[in-house]
Amino acid sequence: MVKKNTCVFISGQGSNLENLILRSRDNFFPINIKLIISNNKNARGIYLAKKNSIPYIVVNTKLRTCDNQILRTLKKKKISLICLAGYMKIISKNFIKNFGKIIINIHPSLLPKYKGLNTFSRVLKNNEKKTGCTVHYVDEKLDNGQIIVQKSFHINSDDNEKTLKQKTQRLEHQIFPEAIIKLFRNI
Ligand code: GRF
């Protein structure tokens, strides 16, 4: 199997990145992680990059030249998939167009519900009966593109933001790899 060269964008904890690194060691998993991009030099994901000897760059999104710097590196590394895994910046329309290949994102809610931040507190405030997570294609609008995989679970009366986050992340670690497998089965 020829694996797709993949870049993962992160800003923080990197648990989804860690999971994808593990999965990509499997010969039958369709991607290899060739690059990690972080807009936060203190992200735990940087430690994961070093530990797994994966090239990484820390970018300063305040610089006008940032998008071009990233695009040049993606081209050099022949990246054909970007996975946004907790990347706290909006990807511009121009970037999407210039990259010209697939970009996917993982979001901790049942999209189209609860786009944006603070999903768990909003879900609880609205007394939702269930919540979950979604992997979707990225377009120029926030948390908006076509859904690839979505999974839900029931919310218990004693759930709080912390338990919802834990349960959601456990599910995220299932659906991100599932979505990637589905993606390359469909192409
Ligand atoms: C995940 O919950 C993801 O849905 C959201 O940001 C979080 C990142 O978590 N977009 P991690 O950094 O992968 O642990």
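Only heavy atoms go into these numbers, but all of them, side chains included; no hydrogens, no water, no symmetry mates. Whatever order the structure lists them in is the order used to number ligands and atoms, beginning at 1.
In summary, of the residues considered (Gln166, Lys167, His154), a side-chain hydrogen bond (donor to acceptor under 3.5 Å, both in side chains) with Asp159 occurs for Lys167 alone.
Counting only heavy atoms of the protein, atom 14 (O) of ligand 1 lies nearest to Ser15 OG, 2.6 Å. With hydrogens left out, the protein atom closest to atom 4 (O) of ligand 1 is Glu172 OE2, 2.4 Å, a heavy atom. Looking only at heavy atoms of the protein, atom 8 (C) of ligand 1 is closest to Gly86 CA, 3.6 Å.
Taking only non-hydrogen atoms, the option from Gln13, Arg44, His173, Gln169 nearest to atom 7 (C) of ligand 1 is Gln169.
Under a 4.0 Å heavy-atom criterion, Gly14 is in contact with ligand 1. A heavy-atom separation below 4.0 Å is found between Ile106 and ligand 1.
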| message | Please evaluate residues Glu18 and Arg44 with respect to the criterion salt bridge (charged side-chain N to carboxylate O under 4.0 Å, His left out), reporting the C-alpha separation (whole Å), side-chain torsions for both, the decisive distance (0.1 Å), and the verdict. | response | CA-CA 10 Å; Glu18 188 166 27; Arg44 178 174 161 270; 2.8 Å; yes
Please determine whether side-chain contact (heavy atoms from CB on, under 4.5 Å) holds for the pair Ile90 and Ser92, giving the CA-CA distance in whole Å, both sets of side-chain angles, and the decisive distance to 0.1 Å. CA-CA 6 Å; Ile90 294 176; Ser92 73; over 6 Å; no
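Between Lys151 and Glu172, no side-chain nitrogen of the basic residue sits less than 4.0 Å from a carboxylate oxygen of the acidic one, so the salt-bridge criterion is not met.
Side-chain atoms of Ile104 and His136, non-hydrogen and from C-beta on, never get closer than 4.5 Å to each other.
Side-chain N or O atoms of Asp139 include one that pairs as donor or acceptor with a backbone N or O of Lys141 at under 3.5 Å.
By the criterion of a heavy-atom distance under 4.0 Å, the backbone of His107, and not its side chain, is placed next to ligand 1.
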